[in-house]
Protein chains: 2
Amino acid sequence: MEGQVEGEPLTRVVAVADDLFFTHGVHAVTMQRIRSEAGVPLKKLYGMFPSKDALLAACLERRDRIARSALAARAEQHDDPVARTLSVFDFLDDWFHQPGFRGCVFAGAFGEAGAAAPVVVTAVQAHKQSVRELLTGLVADVGIREADAVGAQLAVLFDGAMALATFTGDTGAARHARQAARAVLEAGLRG
Amino acid sequence: MEGQVEGEPLTRVVAVADDLFFTHGVHAVTMQRIRSEAGVPLKKLYGMFPSKDALLAACLERRDRIARSALAARAEQHDDPVARTLSVFDFLDDWFHQPGFRGCVFAGAFGEAGAAAPVVVTAVQAHKQSVRELLTGLVADVGIREADAVGAQLAVLFDGAMALATFTGDTGAARHARQAARAVLEAGLRG
DNA sequence: GCACCAAGAGAACGGCCATTCTCCCGAGCG
DNA sequence: CGCTCGGGAGAATGGCCGTTCTCTTGGTGC
């Protein structure tokens with residue numbers, strides 16, 4: 001009631017760790033610090049998650065759920081199928097312009113944990129896969145026959161915008177991706 | 001005359017380090033190992049580069065030069081401006097299918113070195129910027145008026161294909177990016 | 001032949017951090 | 001009131017690696 005994070009210890013730990021990882025980078029955040037900010041003894045922390053990597057994987061799964069529901073909610077606000085599809089890039093645009101934007105967690109986690117943490121690699125791949133399926137679903141609703149191919153193209157645009165925004169800080173990437181997505185959709189409708 | 005890498009010590013060190021960083025990841029490669037494989041004493045190594053980060057930055061600059069000249073050479077093989085522009089994605093396709101493909105060095109370096117190494121961030125940004133300029137130049141040759149905007153869209157596709165290939169191993173990303181690029185160019189020519 | 005110098009090879013230092021261990025306190029029960 | 005036991009806080013452990021330091025060795029000029 002007086003702190004910032006409430007709820008069951010496990011939920012709280014993941015929320016706190018996610019926030020720290022996202023803000024400062026995985027490598028820069030120590031288990032000690034997570035322990036302090038979550039108010040959980042180290043022993044209990046290691047009782048919940050066998051390793052830092054496992055905790056990171058749990059954070060990534062949480063992010064995946066949150067991102068997908070946010071994307072879906074954004075799409076729900078539109079009736080026109082094309083507008084629904086393009087709303088995905090509006091979501092990116094808003095996200096990039098949020099004050100604390102630090103880039104895609106998945107890209108960062110992949111780079112830092114690297115090939116040494118298979119559990120992280122799996123989480124990243126699952127996320128990218130789920131985003132691609134979401135996009136393909138939206139494209140199918142537009143009435144495009146080759147929904148798989150066009151969905152994959154939108155996925156490339158989605159990740160490209162995130163990569164550019166992450167690496168160069170170019171927040172205009174979302175707008176460029178949106179414009180390209182429009183061209184891709186029109187080509188899909190025509191062909 | 002009998003080793004694998006020749007040339008001036010500095011050139012050799014960068015080539016060896018680049019190869020190791022690229023193959024095993026920046027974090028996994030120690031200075032000791034670079035020393036061993038380059039056949040250079042540690043003291044001399046630190047005489048050439050004040051820190052590991054500086055050496056990494058030199059490797060990234062080298063990659064930037066190599067990548068740009070490879071892209072330009074590939075484009076030179078075509079006469080039609082549209083084909084020249086799309087050849088960029090053929091280059092990606094070939095690269096993704098090379099046996100030792102491990103993803104984009106710049107993405108990996110950015111994730112691993114992170115915000116802690118400004119010199120790396122700078123190198124990554126310079127590279128992304130130079131690629132974008134290269135693409136914008138190709139688009140301008142096609143005769144599209146809004147070359148800047150379309151070039152930026154192609155840059156999104158370029159980085160998106162690399163990000164997907166790096167994170168998920170989806171080598172088809174280059175093909176999807178190419179198809180999307182065609183749609184973007186057609187829209188640019190029409191509008 | 002001998003003293004000096006340069007440079008190479010690797011040992012040593014310092015610091016960081018995931019993970020484990022130990023001690024201590026407070027609550028609950030007899 | 002005293003005893004035990006669970007759990008919390010943080011100290012120790014073990015290992016890694018960037019960076020620096022030292023010693024050795026081989027060559028050269030007198």
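Labels below follow one simple rule: chain letters A, B, ... track the order of the sequence lines, proteins then strands, and each chain is numbered from 1.
Considering only residues two or more places apart in sequence or on other chains, A:Asp170 meets the salt bridge (charged side-chain N to carboxylate O under 4.0 Å, His left out) condition with B:Arg132.
Side-chain proximity of B:Arg35 to the nucleotides C:dT19, C:dA9, C:dA12 is greatest for C:dA9. Among D:dA9, C:dA12, C:dG8, the nucleotide with an atom closest to any side-chain atom of A:Lys43 is D:dA9. Which of C:dC17, D:dG18, D:dA12 sits closest to the side chain of A:Thr30 comes down to C:dC17. With D:dG10, D:dC17, C:dT19 as the choices, the nucleotide that has an atom nearest any side-chain atom of A:Tyr46 turns out to be C:dT19.
Rounding to the nearest 0.5 angstrom, the gap separating the OG1 atom in A:Thr11 from the CZ atom in A:Arg62 is 9.0 Å.
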Would you list the atom pairs, donor with acceptor, under 3.5 Å between side chains in residues 177-191 of chain B and any protein atom, with sequence neighbours excluded?
from: B:Arg178; atom 1: NE; to: B:Asp90; atom 2: OD1; distance (Å): 2.8
from: B:Arg178; atom 1: NH2; to: B:Asp90; atom 2: OD2; distance (Å): 3.4
from: B:Gln179; atom 1: OE1; to: A:Gln153; atom 2: NE2; distance (Å): 3.4

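Phosphate contact (OP1/OP2 of D:dG18, side-chain N/O of B:Lys52, threshold under 4.0 Å): present.
Ring geometry for B:Phe101 against B:Phe96 counts as tilted: the plane angle lies between 30° and 60°, on a 0 to 90° scale.
What separates NZ of B:Lys44 from C1' of D:dT20 is a distance of 18 Å, to the nearest Å. Between the C1' atom of C:dG10 and the CD atom of B:Gln32 lies a distance of 8 Å, rounded to the nearest Å.
When the options A:Leu60, A:Val105, A:Asp64 are evaluated for a side chain to side chain contact (heavy atoms under 4.5 Å, CB included) with A:His127, the one that passes is A:Asp64.
Geometric assessment of A:Arg63 against the ring of A:Phe21 yields a negative cation-pi assignment under the 6.0 Å and 45° thresholds.
For the pair A:Ala28 and B:Leu42, both in contact range of DNA chain C, the more 5′-proximal nearest nucleotide belongs to B:Leu42.
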Secondary structure of DNA chain C per the Watson-Crick/G-U criterion (both distances under 3.5 Å; [ ] crossing, | other strand, . unpaired) is ||||||||||||||||||||||||||||||

